[in-house]
Amino acid sequence: MQPTAKNPDPHHIFIDEVQGHQRRWLKVVQITSSSTKAAGIMLAAAIVALIIANSPAFEPFEEFWHTHVVVGVGAFVGEMSLGHIINDIFMAVFFLLVGLEIKYEMTVGELTNIRQAALPIIAAFGGVLAPIVIYSIFNAANPETSHGWGVPTATDIAFALGIMALLGSRVPNGVRVFLSTLAVADDIIAILVIAIFYGQSPSLMWLGVAAVVLVVLLMLNRAHVYSLAPYLLIGCLLWFAVFMSGVHSTIAGVLLAFTIPTGSRVNLHEFMTWSGDRVREARAAYVETEPVVLQKDYMFTVSRLSKVAKQVVPPATRLEHMLYPWVYFAVLPLFALTNADVNFLSGDVLAMISSPVFYGVFFGLLLGKPIGILIFSFLTVKLKIASLPENVNWMHMTGAGILGGVGFTMAIFVANLAFPEALLIADAKVGILSASLLAGVVGFLFLFIQAKAAERQGISYVSASLDEVVRQTAGEEAADMADNVVLGLGDDELVDDVREVLEAEGGVAEFVVHETARAMTDAADAAEAEDVAGTRP
């Protein structure tokens, strides 16, 4: 049984006096692991940026982000504006998290099975190529804007999955997995586009330094170094070398992620026996009547168990869990606050929305993304390279394709790299913000209509898993809703059947629950009970 905000200590491990603290802490954990709330905070930051950009506070606001921070050690002195710190350093941390998520999917996730991953991967290429074609229709003849084709190619995974999480168990898990895998593949393509097409002329010397540092990191991995500290310290050197090379420094985050081990330094088979022995030792050493500070043997045994148990979790997983709340609740909102600042008052709004950059970005995201995703998905299914996910139809795929047009974070990031002129960046941002808003609303409504149709039929899609299985692509909110559906049925035999299927399926499975049929059964049982009750004297 897993801890929840309502029942933070189901096994009563903690003392009664701290149950309130546990409840509050779990609420914080639930908030900071919620993709919906992360998307909401980023949206709020973007709205604040737009309000400030069109108010008298815009000039001091802009000057603040241009404030330079100077750091000096001996003869070396470096300086960087606050805005560049966010875009070059903080966003490198975001790309580190993206790299860890990509490595997870390639190691044990959806990208390990090529046939299973073929549909979203091929769809991702379609979702990149179609926006490029649409953007080029408006800009190919203009040398000043033609190189902005990379702007409408990227999907914002946080916003897209945050929107989908609002639909809960009314959407099949296959749609969520398809969109998240597509977004991961999309991120890989976007990273390659940034590295190849949107860097400065690279310095071969600094690229050589970066390569040497990368080799050192790979050697640490090969030498089975499982402490995070050396990777992060040497990773800072990697960031500096990439920054000095002219290639965009955020690429260093992705490179670092792929060197961090995903295995455990602990022999898990032997750990099970060893930990059991330590638990028995602790139980034998524990004296209930004595204060714990006096029980040296007990504390020594428990401390040994704690130190080894912490090392069971792979470094990549520890770092991913550590970074997630900081990236999605601090780094990305700060990026939105400093980069969604489109000033409509000082510029010609009609000129902005009639710019070929605006048209290329707007229609590239809003139309190009779903068209490319759907055409390539349709061809993949028709050619029998892959099939649609279980319980997913083409209406679900259309909704997911429309949500693929939400390109907020990555699109703005690429726009800053693609255009040297502030005016063109502003045109691109207007296209990104308007297209992402429309894609988010239309995609949600499209899937919501499908969800209401399922609701009228009394159908819920329950994605369940064993307690120890990490449900990354399913989303914690959807998983919690699904758990409530199963528990709400109140059928112990059904719960046992679900667990048997989970064990047979490797820990994760989806069930289609027909609530109408269940309600009819309950009504029949109630009527039978009433008849029986009426015969009593």
Side-chain angles (χ1 to χ4, degrees), residues 78 80 84-109 111-112 121 124 128 150 153-154 157 183-263 314-324 326-327 331-332 335 409-410 413-414 416-417:
M80 186 179 284
H84 278 105
I85 288 173
I86 292 170
N87 289 342
D88 290 332
I89 298 179
F90 287 4
M91 287 300 285
V93 179
F94 163 67
F95 275 82
L96 171 58
L97 180 60
V98 169
L100 289 170
E101 291 174 346
I102 291 171
K103 187 173 184 179
Y104 174 88
E105 294 297 336
M106 294 178 70
T107 306
V108 294
L111 299 181
T112 53
I121 289 174
V128 168
T153 60
I157 188 170
V184 169
D186 202 79
D187 282 343
I188 296 173
I189 298 170
I191 289 164
L192 292 173
V193 167
I194 292 169
I196 297 169
F197 298 102
Y198 291 118
Q200 303 172 9
S201 298
S203 164
L204 294 179
M205 184 195 77
W206 282 107
L207 280 178
V209 173
V212 170
V213 175
L214 184 61
V215 168
V216 172
L217 287 166
L218 291 171
M219 288 173 64
L220 286 176
N221 185 300
R222 296 289 293 176
H224 300 288
V225 175
Y226 290 94
S227 171
L228 278 172
Y231 290 97
L232 297 180
L233 289 173
I234 299 173
C236 293
L237 296 177
L238 178 64
W239 175 90
F240 182 75
V242 173
F243 176 78
M244 295 299 291
S245 73
V247 177
H248 201 273
S249 56
T250 51
I251 302 301
V254 181
L255 295 175
L256 174 60
F258 276 83
T259 66
I260 297 175
T262 54
T317 304
R318 295 203 307 269
L319 184 59
E320 185 175 351
H321 291 170
M322 188 192 313
L323 290 179
Y324 186 92
W326 290 104
V327 166
V331 172
L332 292 184
F335 178 82
T409 306
M410 290 291 279
F413 188 79
V414 175
N416 288 332
L417 300 175

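Keep in mind that the numbers below use all heavy atoms, side chains included, and drop hydrogens, waters and symmetry copies. Numbering starts at 1 and runs along the sequence shown.
- Closest of all the heavy-atom pairs between N87 and F413 is O-CE1, 3.6 Å.
- Judged purely by atom type and a 3.5 angstrom limit, T262 has no side-chain atom pairing as donor or acceptor with the backbone of A316.
- A pairwise comparison of heavy atoms in A252 and V242 identifies CB-CG2, 4.0 Å as the closest pair.
- Shortest non-hydrogen contact noted between G150 and Y198 is N-OH, 3.1 Å.
- Between atom CG of residue L332 and atom CD1 of residue I86 there is a gap of 11.0 Å, rounded to the nearest 0.5 Å.
- Of the possible polar contacts, one joining the K103 side chain to the I260 backbone as a donor-acceptor pair under 3.5 Å is found.
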Indicate every side-chain donor-acceptor pair of residues 183-196 with a distance under 3.5 Å to a residue at least two apart or in another chain.
| residue | atom | partner | partner atom | Å |
| --- | --- | --- | --- | --- |
| D186 | OD1 | K369 | NZ | 2.8 |
| D186 | OD2 | T155 | N | 2.7 |

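- With rounding to the nearest 0.5 Å, the separation of CZ in F258 from OG1 in T107 is 8.0 Å.
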**Request:** List the steps, then state whether side-chain contact (heavy atoms from CB on, under 4.5 Å) holds for L256 with W239.
**Result:** CA-CA 9 Å; L256 174 60; W239 175 90; over 6 Å; no

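- Interatomic distance, L233 CG to L228 CG, rounded to the nearest 0.5 Å: 10.5 Å.
- Contact check for L232 versus L319: side-chain heavy atoms found under the 4.5 Å cut-off.
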Side chains of residues 208-226: which donor-acceptor pairs under 3.5 Å do they make with residues two or more places apart or in other chains?
| residue | atom | partner | partner atom | Å |
| --- | --- | --- | --- | --- |
| N221 | ND2 | T259 | O | 2.7 |
| H224 | ND1 | Y226 | OH | 3.3 |

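- Counting heavy atoms from C-beta outward, W206 and F240 have side chains that approach closer than 4.5 Å.
- Y104 contributes no side-chain N or O that, together with a main-chain N or O of E320, makes up a donor-acceptor pair within less than 3.5 Å.
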Throw together a table of side-chain donor-acceptor distances under 3.5 angstrom for residues 91-98, partners on residues two or more places apart or in other chains.
none

